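Only one structure is covered here, and it is reproduced in the block below.
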Amino acid sequence: MQALRRSLHSSLLRQADISGKGAPAIGAAWSSLRKYASTPADTKMTVREGLNSALDEEMAYDDKVFIIGEEVGEYQGAYKITKGLLQKYGPERVRDTPITEAGFTGLGVGAAFYGLKPIVEFMTFNFAMQAIDHIINSAAKSHYMSGGQLTVPIVFRGPNGAAAGVAAQHSQCFAAWYGSCPGLKVLAPYSVEDARGLMKAAIRDPDPVVFLENEIMYGESFAVSKEVLDPNFLLPIGKAKIEREGSDVTLVSFSKMVGFCLKAAEELEKEGISAEVINLRSIRPLDRETINKSVRKTSRLVAVEEGWPQHGVASEVIASVTEDSFEYLDAAPERITGADVPMPYAANLEKMAVPQIPDIIRAVKRVCYREVPQQKAA
Amino acid sequence: MAAAGVARAPAACSSAALNKSFRKEARAQSRVHCPFVQSKSSPLRHGGFRSEMLGNGLAAMQAQTRPVERPAVRAAGIRAVAEVVDRPSTQESPVDKQEGLMLYEDMVLGRTFEDMCAQMYYRGKMFGFVHLYNGQEAVSTGFIKYLRQDDYVCSTYRDHVHAVSKGVPSRQIMAELFGKSTGCCRGQGGSMHLFSKEWNMLGGFAFIAEGIPVATGAAFQTKYRKEAMGDETADQVTIAFFGDGTTNNGSFYECLNMAALWKLPILFVVENNLWAIGMNHYRATSVPEIWKKGEPFGMPGIHVDGMDVLKVREVAKEAIARARRGDGPTLVECETYRFRGHSLADPDELRDPEEKAKYAKRDPIKQLKNHMLEHGLAKEDDFVAIDKKIEEVIDEAVEFAEASPHPERTQLLQNVFPDPKGFGIGPDGEYRYKDPSFTAGTAAV
């Protein structure tokens, strides 16, 4: 045990030498280890802690990184993702703003033009609609419009999609909207590994990145390996992950729905259906290769997302499979999405408006031609 | 921050006085160097500067945009609305017994309703985001009780008490918060989205500053009906309620501009409770005096003690009358405070307990009660009777909400479009809404 810790410590030190500014980074990773590890194998971390540690380490690594948004400083973050960062890095680098989404988003883009690396937090991505002009027009399109002269190394992050009982204006999923825009990279983590690796990759990336978190996932705990805790742990942008291998059907989703798909896969295992679950991780660029490779193996596809059906991420997944792997399909691909309505407030209506695990199971059975009649939506 | 009870700032109380003041200023400034005029022979020099501001658009624009210092004195006709000191008991009260008790009852209704919401939330009957209005009742009661049923109110997510004051029955609001189909929005809106066509409550918006353009539009349609459609009876007034944090948002300024430009019948009421979740007003705002932001846009800006319903009511009377006459918008900043956190999920750690105690002493309900007792307008029994009555009303509302049914599954796809053809044509070539399984909730969605 002690030997394990020493070797981890020395490997972190080596990493620190490479970066040159590693001491606080070691502290961050080390303190997170100390809090949770009895042995590194069962280190558990919530997504919230994963994001917080990633932000902490990246701010220590590069002092051009700063965080700007509402309640990120003194309030410790509306969802506590930026907890402790104000105390550590000071008010210049963790900046509380007035309620001025359009203003501070544009400000972030302008700062990024001249080499700073802003992380713009939106309390939820719904509020980013007040700033979407700057995300699309100033950030995404600028590299192109300027003929390659200006880069925008900015990250827009915040919770996306439905929470619990927060009604129509707080529950929209924006993955499809941002995913259709060239010039943006759009990421959607599921686990702590995704949260840490993708967040670090996003911050170090020279392009504008829209980072779609999920409020319900913030409190979920995952076991993490020591690689994940490494301050230089990066995940490649544009690669999906196969969370669970299978042979009968491919389930594709992102963010919270990955968890639902995994649970559905466990249920289906009992009925003799082996489902392969793909965690997209990256909405744009979409990892068409991994999806198609999987479908060519299983011949069946169910795409799952929480957002609205028309023009959704699931639609894009199905289009890509139809284009590239049509001959391999044994059944028409299906998509399970949120209901085509603004999110209702009433609890029972809200439950019907988002996909549930039985919906996924029924869809899988349909594509496997099991005898399941078309049933109610929920 | 203004000391307790201070209502600074001039307030224009009549349009004639205000116009006179602007004309006087314009005349005074015309003798000062004008950057727009290059030479004596410039056409801009002819006419205009000494004429009536209202009669000459160019001069009016120049008078307003000239970057010279305005004279320190605002012209005659503007006086402070509220006095600083408490009225001694020898002085007459601005309300009589009936009015006073009506105001008291409305504020107690708001307070009791919000307290019940907190209870129900912690029991799990309500969920999601709930933002309570405790402490700010004087603003809601003071303004809305001067409105008619056909006047409009537009609010934010902190809208329960605005709806209650406007007249929406408590049982309907409570049922809405419980997510039942008997709610004012059939359970589809929730705490932050209370609408009522009957009582002209225009919501209930979650985004900061989202309600202000909507309110401006309601005022616009009133004016449009009057001028473009010739409806002489169109004299409804709109009130937009919002907070201090909103005054840093671009939409607010856009609407001040349009409302003044087109002289819309609207009141912009700022409930300045100093805090936007955890962000103090002074940390977020370069010029914290919000009432000052009316004047640059051409409307009176008033600052009033929002913890005293009688002072608020005085301002409301003038401002609503001004709007109804057709003299245009008013910006009113009410100094107030919320006794609870931003929402029921807010730990409320950043606010100083001393600050909270200071404002708790200025509880609007207690203030009104003391005022009425001092002036001999009512006795303790009257207040006890009202408290009891309101408790029963709220208890009944909760019972009604509990007993109400949850929405049917078929309700999921309802109310998306007034024209249900919006759901498109189904695989059988017919419009989807005609398919019985679609409305029965059995179609795959």
Side-chain angles (χ1 to χ4, degrees), chain A residues 70-80 91 96-104 123-124 126-127 129-131 163-171 308-310 334-353 355 359 362-363 366 374-378, chain B residues 126-129 157 176-181 183 185-193 204-210 243-251 276-281 283-286 346-347 349-350 406-409 411-416 423-424 437 440-445:
Chain A
E70 293 160 16
E71 311 295 349
V72 293
E74 288 193 4
Y75 198 75
Q76 308 296 309
Y79 294 100
K80 307 296 181 239
D96 279 323
T97 63
I99 306 175
T100 322
E101 264 80 10
F104 67 69
M123 205 175 283
T124 72
N126 300 280
F127 306 151
M129 280 200 280
Q130 291 197 344
V166 293
Q169 290 182 344
H170 276 83
S171 308
W308 294 324
Q310 191 165 340
E334 283 222 18
R335 55 184 167 170
I336 297 294
T337 68
D340 199 12
V341 296
M343 186 65 67
Y345 168 73
N348 63 328
L349 294 182
E350 189 185 31
K351 202 147 181 256
M352 284 198 276
D359 297 318
R362 266 197 298 275
R366 278 196 299 270
Q374 187 79 320
Q375 281 198 19
K376 296 177 193 173
Chain B
M126 262 179 232
F127 37 91
F129 291 144
Y157 44 74
E176 179 65 28
L177 298 177
F178 279 39
K180 301 291 178 82
S181 58
C185 300
R186 309 184 71 201
Q188 291 170 198
S191 162
M192 298 183 282
H193 307 295
F205 289 98
F207 281 34
I208 298 291
E210 193 171 10
D244 44 283
T246 313
T247 61
N248 293 322
N249 195 285
S251 291
I277 304 189
M279 190 70 169
N280 188 282
H281 182 56
R283 284 186 68 215
T285 317
S286 56
D346 176 22
E349 290 158 344
L350 290 176
H406 287 284
E408 292 282 321
R409 61 181 309 110
Q411 202 179 310
L412 180 66
L413 296 177
Q414 291 172 9
N415 305 127
V416 180
F423 278 115
S437 66
T442 52
V445 286

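Owing to the predicted nature of the structure, the values given are computational and were not obtained by experimental measurement.
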Ignoring hydrogens, what is the shortest heavy-atom contact between B:A276 and A:I99? Give both atom names and the distance.
CB-CD1, 3.9 Å
Please state whether the side chain, the backbone, both or neither of B:I277 comes within less than 4.5 Å of a heavy atom of chain A.
both
Count the heavy-atom pairs under 4.5 Å between each of B:A209, B:S181, B:G190 and chain A, then report the option with the highest count.
B:G190
Segment of B:F205 engaging chain A (4.5 angstrom heavy-atom cut-off)
both
Spacing of CG belonging to B:L413 relative to CE belonging to A:M352, to within rounding of 0.5 Å:
8.5 Å
Could you tell me which portion of B:E408 (side chain, backbone, both or neither) has an atom closer than 4.5 angstrom to a non-hydrogen atom of chain A?
backbone
To the nearest 0.5 Å, atom CZ of B:F207 lies from atom OG1 of A:T124 at 6.0 Å
What part of B:D346 is in contact with chain A, defined as an atom under 4.5 angstrom from a non-hydrogen atom: side chain, backbone, both or neither?
both
Determine the minimum heavy-atom distance between A:Y345 and B:L177, stating which atoms define it.
OH-O, 2.5 Å
At a heavy-atom distance under 4.5 Å, which candidate from B:L350, B:T285, B:N415, B:V416 has the highest pair count against chain A?
B:L350
When every non-hydrogen atom of A:N348 is compared with those of B:P407, the smallest separation belongs to ND2-O, 2.8 Å
Looking only at B:C185, B:S191, B:G189, B:G183, the option with the highest number of non-hydrogen pairs under 4.5 Å against chain A is B:G189
Is any side-chain heavy atom of B:N249 less than 4.5 Å from a side-chain heavy atom of A:Q130?
yes
Straight-line distance of A:E74 CD to B:E349 CD, nearest 0.5 Å
12.0 Å
Taking B:M126, B:E210, B:K180 one by one, which has the highest count of heavy-atom pairs under 4.5 Å against chain A?
B:E210
Can you tell which of B:M279, B:E176, B:R186, B:M192 has the highest number of heavy-atom pairs within less than 4.5 Å of chain A?
B:M279
Kindly give the heavy-atom pair with the smallest separation between B:H193 and A:A167, and that separation in Å.
CD2-CB, 3.7 Å
Give, as side chain, backbone, both or neither, the part of A:E71 having an atom under 4.5 angstrom from any heavy atom of chain B.
side chain
Contact class of A:M123 relative to chain B, heavy atoms under 4.5 angstrom:
side chain
I want to know whether B:F129 and A:H170 have ring centres closer than 6.0 Å.
yes
Answer with side chain, backbone, both or neither: which region of A:A164 has an atom nearer than 4.5 Å to a non-hydrogen atom of chain B?
backbone
